[in-house]
Every structure is written in C-alpha cells, then in structure tokens.
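A short write-up of the structure that comes next.
When reading the values below, keep in mind they use all heavy atoms of this one structure, side chains included, and skip hydrogens, waters and symmetry mates. As the structure is a computational prediction, the values presented were derived from the model and not from experiment.
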Amino acid sequence: MISHQLMLRAGFIRKLASGIYSYLPLGLAAIRKVEQIVREEMNRAGAQELLLPMVQPAELWQESGRWQKYGPELLRFTDRHQRENCLGPTHEEVITDLVRMNVHSYRELPINLYQIQTKFRDEIRPRFGLMRGREFIMKDGYSFDATDEAAGETYEKMNRAYQRIFSRCGLKFRAVEADSGTIGGSFSREFMVLADTGEDTIVVCKNCSYAANMEKARAMESPAVETPDLLPMEKIETPGKRKVKAVTEFLNISAKELVKTLVYLADGKPVAVLMRGDHEVQEVKLQNLLGALEVEMADDKQVFDVTGVPTGYLGPVSLEIKVVADLEVMKMSNFAIGANEKNFHSLNVNVGRDFEVSEFADLRMVTADDRCPSCGGGLKLTRGIEVGHIFKLGTSYSEALNATFLDNQGQEQPFVMGCYGIGVSRSVAAAIEQNHDKDGMILPMPIAPVQVVLLNLSTKDEEITQAAEGLYKECLARGVEVLMDDRDERPGVKFKDADLIGIPIRLTVGRSFSKDGVVEIRSRRTGETFTASLSETVERLKKMIDSEMVADSSINSQ
RNA sequence: CGGGGCGUAGCCCAGCCUGGUUAGCGCGCCUGCCUUGGGAGCAGGAGGUCGGAGGUUCGAAUCCUCUCGCCCCGACCA
C-alpha cells in the first residue's frame, strides 16, 4: 500500500510491533492537523471534549453484554488484584456509565461528548500500516438525547459536521448508507474516502446521490413479469453437474433461470438460502434477516449431514430445514433447481406450488448491472476507505446499563444515544493514498505537517544562509508554518526529500539568489514555479496558503 | 486459527541445499579530500551473541528438535 510505504520512507512513522507504530515528528504533525480540524468542527456542532480511560474494568462490559459478544479483538488482561480489565476498543460503556452517574434530568439534555484517543483492537491480521493497525488514533463521540426526534437532530448535526471535517481535510469522499454491525442501532452512515486501494467496496449511483456499502446496498427491483403458465415439474439427470455454470450449460438454460440452494449455519442452525443462479449472497443481509450473531456457509460435510444430499444437487422441494429466499426468486417461474438427489436436477419448479419459503428478503450482493433503488440510474462499484462512521444507537446501551433520566412528566426514560467515530490516523493515511505521485506524497494544505519547506541549498554560503534564516524567521513571525532544511547535503538530496514528504510549498534559496537576488517558490502539486524577491516572498506564500485552505464559508453544509 | 515464507552489521540481502580458512556484497554511518540546482566522486575506517534454547558432529550461519518474532494469503472486522 503506497501510503504506508511513503510514510515509512518519509519518516512519518516507524513500526514497533505488528500493527503498532511510533509517530515521528512529521507524522504526528499531520495527525495533529486532522485532530484540530475535528475539534473545531465538533465544538462548532455543540459537542464538548473530554478524555476517558483506556483501561476499562470487565464489569462494565459484562453489564452491557459485550464482554461475551466482542470476541478476541478485545484485549483482556488481569491486574495484580486478579481483576479483569480490557483495553478500550471503543467507549460506549464508559461514557454511558459516566452519564448515568451524573445526568438525571431532561433539562440537562442534550449532551454530546467526544474524545480523541488511542484505541486498541487486537486485530486478527493488522496490515497496511496505519490503515489497519491494532493501535490507532480515533475520535469517538457519543450523544444523549431525551427523545428519538431530538436524537435524530443530533445525528443530522453530526452528519453536517462530518461533511465539513472531511471537506476541510481536503479529502474526496462519499457518505454512504451502512449496516450498523455489532455496535447495534437502527441507522448508520459511513464516510468513505475514495481510493482504488480501499478495503471496502461501495456502490454509488452515477446519476443521483445514492451511495451505500455492499452490506447495505439495495438495487431497484426488477420489473414484475406476468406469470406464464406453470409447466409440470420434471426431473432430469445431470450427471456430475454441480456448479451453476456446469448445470446451466448442460441444460442449455441461462443462470437467470436457475435457483441455487445454499446452506448456511446461523449460530449453528442450518438455513437454506435460495438465490438466482447469477446472484451472490450478501451474508450481512442474511445475518440481519435471521437475527443471528454469526452466519457462515456450511461445508460439504455439514450440508450432507443436515440434508442428506451432496452439494450441487440441493433444492428446496421437501427440504426439511428452514428456507429463505432472495426477492428476485419470487419473480421467477418454471425455474431449475437441484432435485435433492445425486446427479439429478428438476425443471419447471415454482414457488408455492412445489415448495414453500418461510421468508423472502433482499439477501443478495448488488452488482454493477443493477439499477439505483432511488432513481433507477446506473450503479458503479468503487473502492473506499472508511474514515468516519455515525450511528443512531437508540436505547440499547442505555437500557443495558440502566442509564436513565426523568422526563418532563417525571417518568424514568433511557437516554437515546448516538455514536460518532473518526479514524484520525487512518485519515492521514487515506489522504496520502489519494494524493501522491512517483516522487512522494502531495499533502493537502490543511493537513500537511507544515505549509512550507525552506531549502537552504548552500549552508556554507553566508549570503544564502543569512537570507534563508531571515525568511525562516519572517515566516514564523507572520504565522506561516515552515520547516527549514539546512542539512549539509547536496541540492539533489534536498529536492528529493522535499518532494517525498509532500509539503505543499517549497521555498528555495540558492544559486539564483546569489546571481539575481531572488528565491524560488514552487507548488508541490502543480510543479508551478516562480521567483520572488526577499521582500515580497512571505506575502506571496501567505496568498498561496490561503487559497489552498478550505475556507469555512466555502463549505456547503448540505 | 489454517496455508505459505522470512529472521545473517543501522537497512536491503548473499552464503545454508552439499557442515571445514578470518562470514560477505550493496546502501547507510565515521574521517579526509573534492563537489554544490534533482539522491556525485576518490581514499581510509568503524560496525556481527548469524533471532533464542537445546541437540548431532572433531567442527554448525549451514543438519535436527523446540521456541520467539515478523511478513504474505484466507476466514474475520468499527
């Protein structure tokens, strides 16, 4: 991954252990820039910063039920008093506990609290450096409202704040509908930085603003077709034909005329899933439909054990286990299925006449051939990096932890919560992923470690050195962030390093100063170069910087 | 957790298969000379528990066993 390589080469980070990195001065400076933008926008949106403990007692997690649920990525340990603890991967429990101890009346609401802190998640397989470390810097925020309606307003406020934050960071991103996952809650939205190297696939409409991740993405339903006459079911021998491709070729039908039967284990219980031959199951949708904690595809042996049929010849007719089906299957008629007998399939099968389905639902993976569910336009699959996620949590945590307040009727009510995360260290990596060339990083002005890198090309030349130092001091005095390269190195080395670390503006004092009394100003992004006299230089730097900072007023707050 | 791979100087790596001088190259580092607008050149120099433990052997970086760490692929994931 390019951002990782560049950060190592450029001295932004060094690895200490698997998924654990030290932030060096330049890397830290970029992180601080992102943090500062996050702070400003969170504060503007009415949130308040605090700092919660990283070590958390097991009791709290047992109370919420996540001590069992969270799994091995929660790093647990025992202290000298034999008390169990964990390192916080997130802070719903701690914040809910804090609020329940201190807030008791609707008149104290709403409350919106956030922190910026190092989190630890013992990832199965850390990779891509800061992109998926075990230790990472995250902003996490939590809101407490008296009613669903008020919580919805807070959620929208956070949505707007997030739009501003990522715009101000100079990132190209999309906000997408998302599955809320193990955190629970009713609705959530992910902020995805668009990059081909992203780990997540997202679906965006080419025509309207619809965007979603694969777990949530819907497609416009295919138009209803008139049901043709139902033909009599027919069993046909299909020796050795198990895969959709082999069966359809053998029967000379298209995959759209075949229904495949897949067996999943939902928390250990077998379920058959019917899917049109050319479609794929989206397991998270299945998991949500079944209300299961875990679904996994059964292996060949497990399938045989529960159905008595070898994989490849399964069908829903007289199948003993629970059967669910994708919506598209409902529209099909006279289709082919496995006959539940080795080497046989059945033709002209129909739902209702030949078998029953306990539930129809959208269970499939959307493809680029599908149409947008909100406008019917074409869809595009693209890759993204998740840098932010906002959730409407509802009352699941406040109920589990018995966090309540008295409403204006004197009734005890659970807080209506929301939670809002931003991967700070990941955002820096994502920015680099999105902004680099063959020579190195090209950092957006608002999150670059410094705005200007000043090269003194000849530290032994007194005139040049004096000019460079003068400029350096003037920059500092006038609020221009500057890093001076006065190493005793040859010019080529300094140019290469300046390119690598991606500082937006390069200011060079060298030969042209001795000759013509001018210094050189160059944009890292465009390569555009011009010269300036000493007296006008800092003013011109300021203009360039201002034009590249995303000004508050230019942000469209949607 | 399953599959594959790697640990030799600060870094990248060769040597291992087929045991046998003083363990080597490149980069980096130090000293001197030289050079100064796109990662220069010459000369000299420092730097090693060969990841760790045990074993086989006259002799182990090399063969065997165990162990630790890391990387890649997979399942998983806010």
A:Glu177 and its salt bridge (Lys or Arg N to Asp or Glu O under 4.0 Å) partner, picked from A:Arg189, A:Arg218, A:Lys216: A:Arg218
Over 12 non-hydrogen atoms of neighbours within 6.0 angstrom of CZ in A:Arg14: yes
Whole-angstrom distance between B:U65 and B:G48, as gauged at atom P: 31 Å
Distance, rounded to the nearest Å, where A:His4 contributes NE2 and B:C70 contributes P: 14 Å
Any strand: nucleotide that pairs with B:A53 via Watson-Crick or wobble, under 3.5 Å: B:U65
Candidate nucleotides B:G38, B:G37, B:C70, ranked by approach to the side chain of A:Arg506 - the nearest: B:G38
Under-4.0 Å side-chain N/O to phosphate OP1/OP2 contact, A:Lys15 with B:C71: yes
Distance, rounded to the nearest Å, where A:Asp439 contributes CG and B:G37 contributes C1': 15 Å
B:G37 to B:C25 separation - C1' atoms, rounded to the nearest Å: 33 Å
Contact under 4.0 Å: A:Thr508 side-chain N or O vs B:G37 OP1/OP2: no
For atom NZ of A:Lys69 and atom P of B:C76, their distance in whole Å: 19 Å
A:Lys515 NZ to B:G37 C1', straight-line distance once rounded to whole Å: 10 Å
For B:C11, the Watson-Crick or wobble partner whose two distances fall under 3.5 Å: B:G26
P gap between B:G59 and B:G45, integer Å: 36 Å
Residue whose closest nucleotide on RNA chain B lies nearer the 5' end, A:Gly19 versus A:Glu283: A:Gly19
A:Val493, nearest nucleotide to its side chain (from B:G37, B:G39, B:C76): B:G39
Touch class at under 4.0 angstrom, heavy-atom based, for A:Gly421 against every strand present: nothing
Check: B:G39 base within 3.5 Å donor-acceptor of A:Arg487 side chain: no
Under 3.5 Å donor-acceptor pair, A:Glu520 side-chain atoms to B:G37 base atoms: yes
P-based separation of B:U49 from B:C68 [nearest Å]: 23 Å
Whole-Å gap separating C1' (B:G28) and CZ (A:Arg9): 15 Å
Residue matched to B:G59 through Watson-Crick or wobble contacts both under 3.5 angstrom: none
Heavy atoms of other groups near A:Asp516 CG, more than 12 under 6.0 Å: yes
Whole-angstrom distance between B:U18 and B:U22, as gauged at atom P: 24 Å
Donor-acceptor pair under 3.5 Å, A:Ser458 side chain vs B:G37 base: no
Length of the line joining A:Asp485:CG and B:G39:C1', which is rounded to integer Å: 13 Å
Any side-chain heavy-atom pair of A:Gln117 and A:Lys119 under 4.5 Å: yes
Of A:Gly492 and A:Arg127, the one whose closest RNA chain B nucleotide lies more 5': A:Gly492
Touch class at under 4.0 angstrom, heavy-atom based, for A:Asp461 against every strand present: nothing
Base-pairing assignment for B:G74 (Watson-Crick or G-U wobble, both under 3.5 Å): B:C1
Candidate nucleotides B:G39, B:U35, B:G38, ranked by approach to the side chain of A:Lys460 - the nearest: B:U35
Whole-Å distance separating the CG atom of A:Asp488 from the C1' atom of B:U35: 11 Å
Sugar-phosphate only, base, or nothing, as touched by A:Arg134 at under 4.0 Å among non-hydrogen atoms: nothing
Whole-Å distance separating the CG atom of A:Leu457 from the P atom of B:U35: 18 Å
Sugar-phosphate, base or nothing in reach of A:Asp140, heavy atoms under 4.0 Å: nothing
A:Asp497 and its salt bridge (Lys or Arg N to Asp or Glu O under 4.0 Å) partner, picked from A:Arg506, A:Arg487, A:Arg490: A:Arg487
B:G19 to B:A9 separation - P atoms, rounded to the nearest Å: 24 Å
Proximal nucleotide (of B:G37, B:A75, B:C70) relative to the A:Ile124 side chain: B:A75
Gap in Å between the two C1' atoms, one belonging to B:A60 and one to B:C42, rounded: 40 Å
Aromatic ring proximity A:His4/A:Phe12, centre distance under 6.0 Å: no
A:Arg490 side-chain N/O to B:U35 phosphate OP1/OP2 under 4.0 Å: no
P atoms of B:C27 and B:G44, separation to the nearest Å: 14 Å
Shortest side-chain distance from A:Arg125, nucleotide among B:U36, B:G38, B:C73: B:C73
Whether A:Tyr162 and A:Tyr420 hold their rings parallel, tilted or perpendicular, with breakpoints at 30° and 60°: perpendicular
Nucleotide opposite B:A43 in a Watson-Crick or G-U pair, distances under 3.5 Å: B:U31
Sugar-phosphate, base or nothing in reach of A:Glu386, heavy atoms under 4.0 Å: base
Side-chain heavy atoms of A:Asp362 within contact of A:Gln282, under 4.5 Å: no
